[in-house]
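To find a chain, count down the sequence lines: A is the first, B the second, and so on, and within it residues start at 1.
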Protein chains: 2
Amino acid sequence: MSRSLVLACNCASENEPVVVGHAVIRPKPEYHGNWESLLATTGSVLHFSQDSDIYGEGAEADTLYRIVSGIVRTCSFLSDGRRHIDSFYDEGDMFGFEVGHVHRLSAEAVSDCTVIAYRRCTVERLAAENNVLARQMFSCAMRNMAHAQNHCLLLARKSAVEKVATFLTEWADPSPRMEMKALAMTRQDIADYLGLTIETVSRTLSQLERDAMIELHTARHIRIRNPVALRALIA
Amino acid sequence: MSRSLVLACNCASENEPVVVGHAVIRPKPEYHGNWESLLATTGSVLHFSQDSDIYGEGAEADTLYRIVSGIVRTCSFLSDGRRHIDSFYDEGDMFGFEVGHVHRLSAEAVSDCTVIAYRRCTVERLAAENNVLARQMFSCAMRNMAHAQNHCLLLARKSAVEKVATFLTEWADPSPRMEMKALAMTRQDIADYLGLTIETVSRTLSQLERDAMIELHTARHIRIRNPVALRALIA
DNA sequence: CGTAGAGTTGACGGGAATCAAAAGTAGTGG
DNA sequence: CCACTACTTTTGATTCCCGTCAACTCTACG
């Protein structure tokens with residue numbers, strides 16, 4: 001099923017999304033209070049296949065996105081190609097905010113994705129007239145900022161174990177049991193997110209398994225055996 | 001002169017700012033176009049002496065600040081005391097934005113500072129009525145976000161030399177000659193900002209001097225001798 | 001079964017941290 | 001003016017965490 005989507009995407013043209021239709025879907029219940037319903041009446045539903053570009057660095061920032069399903073990563077690069085993943089975005093998350101008129105980060109589909117694309121000028125116009133929406137956009141941008149700041153602390157001052165433990169905690173569900181859904185991202189993605197190498201990520205996960213903190217059922221399916229001890233590691 | 005201010009501050013009470021008066025000053029010419037003049041008619045002028053707290057982590061986020069003079073740092077800490085400096089703010093910069101109702105970072109005066117404090121609720125009320133101001137606040141928050149994202153890339157993927165070169169470039173004036181005003185921050189501040197140790201910062205600066213990139217006139221007064229080569233280092 | 005990509009593991013080396021001490025700088029008091 | 005103290009900065013010696021290089025395993029897929 002997801003495969004047919006991939007093919008559909010690749011047929012259309014290299015890595016171009018398939019526009020499925022004008023969005024008429026309402027926000028899902030859990031976001032009902034969070035997003036002005038007027039946003040639910042605008043926007044286009046798009047599909048992106050795994051690893052395809054949603055937008056590139058330097059592209060015109062005329063669109064905002066909200067994820068319906070799938071995972072998205074935003075990346076930046078140094079001149080010699082070193083990559084850094086700024087953030088992963090999950091179902092319900094909004095991304096694509098920019099100060100100026102171009103994207104400073106690129107965005108890519110980690111898994112097959114369905115997103116709703118809103119025209120930036122439309123959103124800005126609506127926000128100018130509607131205070132509730134304006135505040136929602138503002139606090140959404142602020143949450144992105146808060147995340148970036150937290151992540152700076154991690155990158156600057158945490159050890160490899162602390163980084164990996166933090167990552168696992170971020171992606172486990174928030175309940176005390178910390179059940180984990182299957183990871184969408186590769187070891188390379190995790191490494192580029194945490195400022196490590198794949199080898200170090202892999203070694204650290206193995207170490208955590210040996211210490212009975214986690215269980216590596218498969219590479220992408222991790223179970224947290226000792227949530228308390230894991231949380232104690234994040235510093 | 002600044003010394004009398006320090007004393008004044010310490011007299012008032014431990015590290016408490018001195019309220020000099022209700023702000024009636026207009027924004028300086030260079031910010032005239034950037035900040036709605038209605039903000040110029042509100043806010044209180046405060047002084048903070050070097051190394052005093054402006055607000056602490058967890059404090060109620062009911063105030064926004066704009067710097068009139070001096071340098072401010074925002075910090076976060078790990079449980080064992082490891083410090084990270086999220087950002088330095090210079091004359092004209094605005095800081096204190098938060099998603100929720102508490103400050104997630106603490107703010108401290110790097111040098112003796114004069115700031116204008118705006119009540120958050122006042123600014124929010126004004127922004128709700130005035131679209132220009134609302135957009136200015138939004139883009140200010142977005143610039144903070146962009147800075148944090150840039151900084152993540154630096155922390156995650158740059159070497160010590162690249163980090164220091166980036167820092168110097170950030171703080172040199174933007175003209176090609178890259179004249180540097182005296183640094184307000186200590187080596188410890190620089191280290192905590194770049195995710196390094198003081199020793200590494202010091203060694204790297206010495207190395208850059210040996211390579212004729214910079215001149216360490218005194219520890220706090222650095223002259224950039226070869227702006228082109230220095231820029232080439234930032235990756 | 002065979003190939004390709006993802007992930008793991010091991011051996012080794014290097015860059016930055018740590019530990020330690022000297023040198024430079026500023027403030028204070030005689 | 002200069003000694004005395006406290007602090008910041010620099011420099012050196014050593015350690016160690018993580019990166020690099022390389023080989024091997026595992027899984028997916030045709």
What is the distance from CG of D51(A) to P of dG5(C), rounded to the nearest Å?
-> 13 Å
For Y89(B), check ring-ring contact (aromatic ring centres under 6.0 Å, His included) against everything at least two apart and list the hits.
-> F95(B)
Take the protein atom NE2 of H217(B) and the nucleotide atom P of dT25(C), then report the distance between them rounded to whole Å.
-> 10 Å
Whole-Å gap separating C1' (dT10(D)) and CD1 (I222(B)) = 13 Å
Check whether the side chains of Y193(B) and Q188(B) place a donor and an acceptor atom closer than 3.5 Å, and report yes or no.
-> no
What pairs of donor and acceptor atoms, side-chain ones from residues 56-63 of chain A against any protein atom, are under 3.5 angstrom apart with sequence neighbours left out?
none

Partner set under salt bridge (charged side-chain N to carboxylate O under 4.0 Å, His left out) for R177(B), not counting sequence neighbours | E179(B)
Would you kindly give the CG-to-P distance between L155(B) and dC18(D), to the nearest whole Å?
-> 16 Å
Let me have the donor-acceptor pairs involving side chains of residues 217-235 of chain B, under 3.5 Å, with sequence neighbours excluded, atom names and distances please.
{"unit_1": "T218(B)", "atom_1": "OG1", "unit_2": "R220(B)", "atom_2": "N", "d": "3.3"}
{"unit_1": "T218(B)", "atom_1": "OG1", "unit_2": "H221(B)", "atom_2": "N", "d": "3.2"}
{"unit_1": "R220(B)", "atom_1": "NH1", "unit_2": "A184(B)", "atom_2": "O", "d": "3.2"}
{"unit_1": "R223(B)", "atom_1": "NH2", "unit_2": "E215(B)", "atom_2": "OE2", "d": "3.4"}
{"unit_1": "N226(B)", "atom_1": "OD1", "unit_2": "A229(B)", "atom_2": "N", "d": "3.1"}

B/S/- contact track for nucleotides 6-17 of chain C, protein heavy atom under 4.0 Å = SSBBBB----SS
Compile the donor-acceptor pairs under 3.5 Å between side chains in residues 75-85 of chain A and protein atoms, sequence neighbours left out, one pair per line.
{"unit_1": "D80(A)", "atom_1": "OD1", "unit_2": "R82(A)", "atom_2": "N", "d": "3.3"}
{"unit_1": "D80(A)", "atom_1": "OD1", "unit_2": "R82(A)", "atom_2": "NE", "d": "3.1"}
{"unit_1": "D80(A)", "atom_1": "OD2", "unit_2": "R82(A)", "atom_2": "NE", "d": "3.1"}
{"unit_1": "D80(A)", "atom_1": "OD2", "unit_2": "R82(A)", "atom_2": "NH2", "d": "3.1"}
{"unit_1": "R82(A)", "atom_1": "NH1", "unit_2": "R157(B)", "atom_2": "O", "d": "2.8"}
{"unit_1": "R82(A)", "atom_1": "NH1", "unit_2": "E162(B)", "atom_2": "OE1", "d": "2.9"}
{"unit_1": "R82(A)", "atom_1": "NH2", "unit_2": "E162(B)", "atom_2": "OE2", "d": "2.9"}
{"unit_1": "R83(A)", "atom_1": "NE", "unit_2": "D192(A)", "atom_2": "OD2", "d": "2.5"}
{"unit_1": "R83(A)", "atom_1": "NH2", "unit_2": "D189(A)", "atom_2": "OD1", "d": "2.9"}
{"unit_1": "R83(A)", "atom_1": "NH2", "unit_2": "D192(A)", "atom_2": "OD2", "d": "2.9"}
{"unit_1": "H84(A)", "atom_1": "ND1", "unit_2": "D192(A)", "atom_2": "O", "d": "3.0"}

